[in-house]
Each structure stands twice: as C-alpha cells, then as structure tokens.
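Worksheet: the structure to be examined is printed underneath.
Order of the sequence lines sets the chain letters (A, B, ...), proteins ahead of strands, with each chain counted from 1.
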Number of protein chains: 2
Amino acid sequence: MNDQTNIKPYVIGLDLGGTNSVFGIVDARGEIKATTAIKTGGYEKVEDYIKASVEALQPIIEHVGGIDKIKAMGIGAPNGNYYNGTIEFAPNLPWAHDGIVPLGKLFSDALGIPVALTNDANAAALGEMVYGVARGMKNFIVITLGTGVGSGIVVNGQLLYGHDGFAGELGHVIMVRGAEGRSCGCGRSGCLEAYCSATGVARTARELLAKTDRPSILREMNPEDITSLDVSIAAGKGDELAKEIYEFTGHMLGEACADFTAFSSPEAYIFFGGMVKAGDLIMDPIKKSYEEHVMNIFKGKAQFLVSGLDGASAAVLGASAIGWEV
Amino acid sequence: MNDQTNIKPYVIGLDLGGTNSVFGIVDARGEIKATTAIKTGGYEKVEDYIKASVEALQPIIEHVGGIDKIKAMGIGAPNGNYYNGTIEFAPNLPWAHDGIVPLGKLFSDALGIPVALTNDANAAALGEMVYGVARGMKNFIVITLGTGVGSGIVVNGQLLYGHDGFAGELGHVIMVRGAEGRSCGCGRSGCLEAYCSATGVARTARELLAKTDRPSILREMNPEDITSLDVSIAAGKGDELAKEIYEFTGHMLGEACADFTAFSSPEAYIFFGGMVKAGDLIMDPIKKSYEEHVMNIFKGKAQFLVSGLDGASAAVLGASAIGWEV
C-alpha cells in the first residue's frame, strides 16, 4: 500500500442507447482513457446484460490500474430516473420495456462502486457543465435534437429533476394546439418533438414537398427515405426548399425557447445532437425567432451555443459527468 | 441587558402594491402582530416614500419591543429583482417607473436591518412554503390569478430566480400563437395572462356575449363594466354562460400547467388571488383539463391546491417570508 491508494482519478461513463451500450473510463479533465461497447438489446434478462457489461469492462478497468482507481459510474439512459437509479418502461430496451429495472443498484453490486443514473439529456447537460461550454454557468438549458427532442435543465447549478425525477421533458410542450397538431410518439399531438426532432424535420420535408410544386433536389429521393441529414445536405448546397425547412424548424425552436425563458430565464441555450451539425442553418433562425418572440425584459440576454463536447464521445462524457456527482 | 437580547423573533413584511403599501410585523408561525399602511403612489421621490414608511413603522416596531426584536424585512413588489434588491421600471410606481430603484438598500440603511426583496408572486410562493399549504414541499408552483397572472416556482426547495432574477413569468407563455392571439399588456399577443387573469376573464365574457345570443344574467350589465367577480357571482347562481367562461379559463390553465409539468414536474400547483374565490368553478376545470393534457408519465401525480394563506394578509405574509431567508 502506498499513499496513492485513496486517489480515485477516474469515473466510468455508460451511454446506454437503444442499439449500443458504450463505456468509457474518463478523467477529471474529460479525457477518455479507454472505451468498450456491447449491444444493448442482445439480452432478454437484465442480469445477462450486467454480466456482459462487467466482462467487457474488466480489461479497460485493468488498463487504468484496477477498480480501486475508479470513483464511481455514471449512466445516461432513456427513461432513467435519477432518484431511484432505475430505468422505467423504456420501450426500446428488451430487458426494461415492461417494468422498473434497478440498473444503478445492479451495476453497483456487480462492480463495488457507487453508481448514478439519469436520462440521456440530463447527462448531456451535466457533461456541458463539467467539461463543455457551460463550465461556470449556473442556469442553462441543453436541448438535444436527435430522433427525439430532449432537454436537461440546470437551475442554481443543479439539474432540475422535479418531484418525481422526470422534469425536463421540453420536447413535449405543445407548440400547435388542437386538431392541427402533428401526432407525437408520446400519444398526444402538437409536441415540439413532432416538429423539431430529426424525424420531425423529415416530416416537414415530406409535407412541404407534397403541398407545393417548388423545385428541390429532395424531389430526386423517395419521400419516405428523406432524413434530416438529406435536408441538411440539400440546404448546404443552397436548395431553397431545404433552407426553408430549417427556417421553419428554427423558428419553432426559437418560439419554444422564448416560453422556456419565461420559466427559468437561463443565461444560455445549448444545442446538442446530430441535427446541430447543420450549424448556422438551424442556429440562425433559432436566434432570430427567439429575439422576436421573447418578452422585452429578456431580450438580448440569452446566449445560443452549440455543444462543446466532441460528437462521438459526447454521450459517454455526459454519462461520466454524473459519476463525479455521487 | 438580559439573555434575550439576541433573540429576534419577528420580521417585517411589506406588500408593496400599486395603490397601498401594507406593512406587517410577523412571527415565525405567521401570526401578524401589528400592521400599518401608507399610500404607495403619494410620493414623487423614493426618499420621501422611505421616510413616510419609516414614520409609519415606528409605532408598530415599538409595539413589539423595538428594532432589536426584528431580524429582517422582506418586500414583495412588482418588478422586484431579488439579486439586486431593486425595483426596475415598474410602470405603476411614480418613483420607480423610469429607472432602477435600490429599494432594499434604502430600507436597510433607514432601519438598520437586512432587507430582501422579490416580486409579489415569488413572495406568495415563499409564503406558502413557510406558512401555507406548501410546508414541507420542495417542488411546487404558485400561480397568482389577479389583474395579471403571476408565478413563483420552487425547485429543490429554492425559489427559481434564473440568471437575471426574472424567472417565473408564467403568465407570459404563449397559449394562442399567431394572429388570433389576444393582445397582452406585455406588448406581445396570445399570453396566458390575456385569457386567464381577472381582466382576461372579463374579456372572455364580453367576447362570448357578443358572439352568441345565449341568455345570461350578465346581459343585464354594461359589457364594459363586467368584472371577473360578476362572472363568478353569475356562475354561482347557476348562469350557464358564466359557468362556461370559467370552464374555458380553467381549461386553458390546465393546458398551461401540463406544459409547466414537462418543465419542472412539481408535486403541486397552488392557486392564489382574487379569482380563486370562485372555488370549484375554476379548480375543477383546471384539474380535468390538466389530466387530459399532461404526458402519461405525469398523470395523477400533481396536486391542485388553493392558497392556504388568509386572503387579507396573504401578501404581507408572503413578503415577510423572504425576511426569514436573509
């Protein structure tokens, strides 16, 4: 035993997605020392998922000097409940789709370290606060634009979990009320997510192509195959229709953020996820629409930023960030 | 000197309204020991307002044993900024309508005690937490239904002030987007306040009376003279049109709360202010609409409560509550 025994310089981050579970061992600066991955869905029982995870982790844990060097584990997972360390009714996870799985406790028992768990958007927000563009900020909102629209809200330097652990579902505020609202995966209609997620952008493209005769290189594709990436590429080539799709999307996001500011008046909105790669195409309309729609007392105050985390490892870094909090 | 010298069992609460400034000396149980009041608007310069306030306070301070018995002062005021202790551009206050007035510091210098200040809806929220129905709650939202619609949001046991001190303007989320939205005093249109404040309810009454031929005892009045109180009285007498006005109002409030839950998932909504006197007439439609509109994961979780503070003294109690926090 030497005097380094009690120094635990690393945390494990687990980005638990519908397809892959990506593990990383991360230091306090956000440098990923080693990674590994397993398929998330290849297991019927959570016990088998845990066993496979621990086996995959073993060599990378040894690589950094053993489990004694690891302070804790942080998990970012769909339908993750921070208060209980559980995953609850996650439709895309075969071992958690019809019940409440105490994933935090199971990992903690298997590895012998503390484990904290939250949903992926909250993990992204913590990642920005610990390693990204929100360092030093106490009030900000991360909005993740991916298959869905997620959010992580930080107030007074703390993640907002709410009474039940499920606060921060800003993808499901209603932007179009009544019968005109688009149906949403949540079972209701008119949600922000139904318009401004990657799938929402593709829906807007199909609607606009069907409703008008305007020329667009998107017409060369089968409408059902159009993705937000195709829209982004077309817009990058100067396609007017594709640019209008991003303007529509950004306009609605700006309107939504104006309402969010009436709630928590953050100093910054940070956008995260695949769609953010469209850059100014999406960010400029968001900023313009926000300043048009926000109350006078808030005008000109909020920053609009793009995630400062490296895309490929952002989710693992975000997950690891909650490991430092336990 | 005896060993009681350092015990300061009271705070001063100041409910600073557009017309009256009501002061109360309050103990830790929320019992008001003495009150006094001055006209808010009778002074061109804030220095004169402070002087008149201190003169009015002197006898009630003596009544409880002198300034040494008083821990602090709390002020609930329109456009109050907690971070700076200032009142900023308050349109209805002659001595603060075109600038930033350091009211907290001025009272603190004049009285020799710490002073904290916030807006009236935040004060109401703290009042509920310290003396009212939110005792023991850490996540709740107070919605004040008066001339306007205000809100005080508590998360993790703390008032949500946001980056600039102005968070919690839930009267100004947009409920009706586009050209159809009613104009709002904030300069925009479609705000919750334009529909669900007391003045909004009166507007709904006038709209409904003009749009239809349905019978109503409200038709006996000059439409311009109808107030929310008249609507409430008519509804109480069974007037169908008046009941429909409250249903419309409650329905929109329920929809708005469903969005607020996606933000901060509170355990309770607490309604405060004159309109709440309509009781079940307004509370039942709110609850019904909320459960219809909220996301599945939140259904059946939130309580809908009516303020537990005595109406006449509620605002003073709310203001005094922030005195305990300094």
- Best-contacting candidate, B:S265, B:A167, B:P266, against chain A by heavy atom pairs under 4.5 angstrom: B:S265
- Heavy-atom distances under 4.5 Å only: say whether A:V294 touches chain B with side chain, backbone, both or neither. backbone
- Item | Residue A:Q158 versus chain B: region with a heavy atom under 4.5 Å | side chain
- Less than 4.5 Å apart, any side-chain heavy atom of B:N139 and any of A:Y161? no
- Item | Residue part contacting chain B, namely of A:K138, when any heavy atom lies under 4.5 Å | neither
- Item | Contacting region of B:I174 [heavy-atom separation from chain A under 4.5 Å] | both
- Task: Go through the atoms of A:L192 and report whether side chain, backbone, both or neither lie under 4.5 Å from a heavy atom of chain B.
- Result: neither
- Message: Would you call the rings of B:F263 and A:F263 parallel, tilted or perpendicular, taking 30° and 60° as the class edges?
- Response: parallel
- Task: Without swapping roles, check the side chain of A:R188 against the backbone of B:H293 for a donor-acceptor pair under 3.5 Å.
- Result: yes
- Task: Output the distance between atom CD (B:E169) and atom CD1 (A:I297), rounded to the nearest 0.5 Å.
- Result: 5.0 Å
- Query: Using a cut-off of under 4.5 Å for heavy-atom pairs, which of B:V155, B:L160, B:D164 has the most such pairs with chain A?
  - Reply: B:D164
- Which bit of A:M137 comes within less than 4.5 Å of chain B, counting heavy atoms only: side chain, backbone, both or neither? neither
- Is B:K299 atom NZ crowded by more than 12 heavy atoms from other residues, nucleotides or ligands, each under 6.0 Å away? yes
- Between chain B and each of A:E255, A:M295, A:H172, count heavy-atom pairs under 4.5 Å; write down the option with the most. A:M295
- Side chain / backbone / both / neither for A:F140 at chain B, heavy atoms under 4.5 Å: neither
- Toward chain B, the part of A:L170 with a non-hydrogen atom under 4.5 Å: both
- Message: Could you report the tightest heavy-atom contact between B:N296 and A:C186, atom names first, then the distance?
- Response: ND2-O, 4.0 Å
